[in-house]
Amino acid sequence: MTGRQTIIPFGPQHPVLPEPIHLDLVVEDERVVSAIPSIGYVHRGLESLVDRREYQDFVFLAERICGICSFTHSSTFCQGIEGLMGIQIPQRAAYLRTMWGEYSRLHSHLLWLGLFADSLGFESLFYQAWKIRESILDEMEATTGGRVIQGVCKVGGVRRDVANSFLSGMDDRLDEIEDNMKDLTNVFLNDYTLKKRLVGKGVLSKDDAYYLGAAGPTARGSGLDMDIRSTGYLAYGDVGFKPVVEKGGDGYARCAVRCRELFQSVEIIRRVITDMPEGDVFTPVKGNPDGEYFSRSEQPRGEVIHYLKGNGTKNLAQFRVRTPTLTNIPPLVSILAGCELADVPQIVLTIDPCIGCMER
Amino acid sequence: MNMKIDSVEAADVQKIAGTMRSGGYRLVVMTCTPADEGYYITYSFEKETDLRHYRIAVAEGTTIPSIGSSYGGAFVYENEIHDLYGFTFEGMSLDFGGTFIKTSVPYPFKKKEQPAPTVTVVKEAKE
């Protein structure tokens, strides 16, 4: 029997949403016909501050675009300024940025796994994921001085070096972290209840993922071999990077990509620590940026783009950010159409939305 | 990375987007920035490692053709540009009518005669 259409508001405050986004769900009986998103609850207009802060200082503001991808935002911004000014950063700085970028990915994916388990009421799994994440944050704190906001990137390199003896200790501690992650991901990929809520839910075809603009694990879960790390920026060209790709296109595939990327990040960190070059971690910077640059990096949620325009002064003329969550909204709208109302919270979570990051 | 930007006419963006779509390119981003006169909107497309940028120069209040018929996901960029800069896109695949991003003032990124102050001094009212 076909019922009449009803609109159910989902969010901006909802138990599964750590940040506010609103969806108008048009439902017919228990089936979602379409979903209309609206954002803007945490829009801060950070980009417009670029003409009031010098480019060296703006690194700290860029880092505060997001509390999870903070390191990648500062690294991408610095990379853009360095591109504009033709600065080649020291190899050791590039390796350290790569290492911290991968630690960020680890803590972001573990955060998502925990939140997803929590959304299903699987509390012990949530605690386990966040317990492992704590050890990642401890490493970030020990090497940068910050757990959430690191403040370690600067134009021309990084502010802090890490002693080689400490790097060896980190390598040893990765073994324990890896063992714990194996137990954790084994539950995510094989538990009956989790599979019941993920397999076949929120299917995004490869073509839709490509043309609707999906990024990150959302795209790679649909079989797209898309990862900016493949371009070999920072030290990724030296570590023999290959993207993790799953073909299922459903929530399970997106979860599997994140689980496999945890181990890939550990491998990259190990390789970076082993091959860490000696030398300076900072190149002195003179002058001001001039011209236009599109700086791209792979955040835990996908490709982020910082557009920078300099005019030869200490202040940039323009700064615009395109984050992966913004470009993952059209695929989300597409996969919600036709799903069961009860599956909406889990499907929304499978794109790993980061609203603060999206709205800047 | 390609930083070359080709200037095109606003009336041609739909045709360019159609060509890009049939050529297997994905829409990477649409970027609106104020220019010396009016604004620039830059369309970036990519296929594997081939990144291409097309730019239109538009005056304030111009109605721009939407590329939603070629790229359904363009609505997030077009609605954002509408809500932050005040441009209207004709034929969007999903038109929020100015409610996509909730802003405290209309079109906050639109050019202003006076820039907003960095520090707001609040004076105590005298009775």
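Naming convention: chains lettered A, B, ... in sequence-line order (proteins, then strands); numbering from 1 in each chain.
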**Part of B:Phe75 within contact of chain A (heavy atom distance under 4.5 Å)** = side chain
**Under 4.5 Å from a heavy atom of chain B, the part of A:Pro37 involved** = both
**Request:** Begin with the C-alpha distance, continue with both residues' side-chain angles, and end with the deciding distance and a verdict on side-chain contact (heavy atoms from CB on, under 4.5 Å) for A:Leu212 and B:Arg26.
**Result:** CA-CA 8 Å; A:Leu212 288 174; B:Arg26 70 184 173 101; over 6 Å; no
**Message:** Can you tell me which portion of B:Ser70 sits under 4.5 Å from chain A's heavy atoms? Options are side chain, backbone, both or neither.
**Reply:** neither
**Message:** Return the CZ to CD distance between A:Arg322 and B:Glu80, rounded to the nearest 0.5 Å.
**Reply:** 11.0 Å
**Message:** Distance check, rounded to the nearest 0.5 Å: A:Arg320 atom CZ versus B:Ile81 atom CD1?
**Reply:** 7.5 Å
**Item:** Atom OH of B:Tyr85 with >12 non-hydrogen neighbours under 6.0 angstrom
**Value:** yes
**Request:** Locate the shortest heavy-atom distance separating B:Phe109 from A:Glu47; write the atom from each residue and the value.
**Result:** CE2-OE1, 3.5 Å
**Trace of the side-chain contact (heavy atoms from CB on, under 4.5 Å) decision for B:Glu46 with A:Met226** = CA-CA 11 Å; B:Glu46 189 179 50; A:Met226 267 173 37; over 6 Å; no
**Message:** Run the side-chain contact (heavy atoms from CB on, under 4.5 Å) test on A:Glu292 and B:Ile5 for me, step by step, so that the C-alpha distance in whole Å, both residues' side-chain angles and the decisive distance to 0.1 Å come before the verdict.
**Reply:** CA-CA 10 Å; A:Glu292 291 178 272; B:Ile5 299 171; 3.8 Å; yes
**Prompt:** Can you say whether A:Tyr210 sits under 4.5 Å from chain B via the side chain, the backbone, both, or neither, judging by heavy atoms?
**Reply:** both
**Request:** First locate atom OG1 of A:Thr231, then atom CG of B:Leu51, and finally report the distance between them rounded to the nearest 0.5 Å.
**Result:** 11.0 Å
**Request:** Classify the ring geometry between B:Tyr71 and A:Tyr211 as parallel (under 30°), tilted (30 to 60°) or perpendicular (over 60°).
**Result:** tilted
**Prompt:** Between A:Thr327 and B:Val76, is any pair of side-chain heavy atoms under 4.5 Å apart?
**Reply:** no
**Item:** From CG (B:Leu94) to CD1 (A:Ile329), nearest 0.5 Å
**Value:** 11.5 Å
**Under 4.5 Å from any heavy atom of chain A - which part of B:Tyr25** = backbone
**Fill in**
When the 4.5 angstrom heavy-atom criterion is applied to A:Ile305 and chain B, the contacting part is side chain
**Request:** Calculate, to the nearest 0.5 Å, the distance between atoms CG and CD1 belonging to B:Asp83 and A:Ile39 respectively.
**Result:** 8.5 Å
**Asked** Side chains of A:Tyr307 and B:Val29: closer than 4.5 Å at any heavy-atom pair?
**Response** no
**Message:** Given heavy-atom pairs under 4.5 angstrom as the criterion, report whether the side chain, backbone, both or neither of B:Ser44 touches chain A.
**Reply:** side chain
**Item:** Toward chain A, the part of B:Thr49 with a non-hydrogen atom under 4.5 Å
**Value:** neither
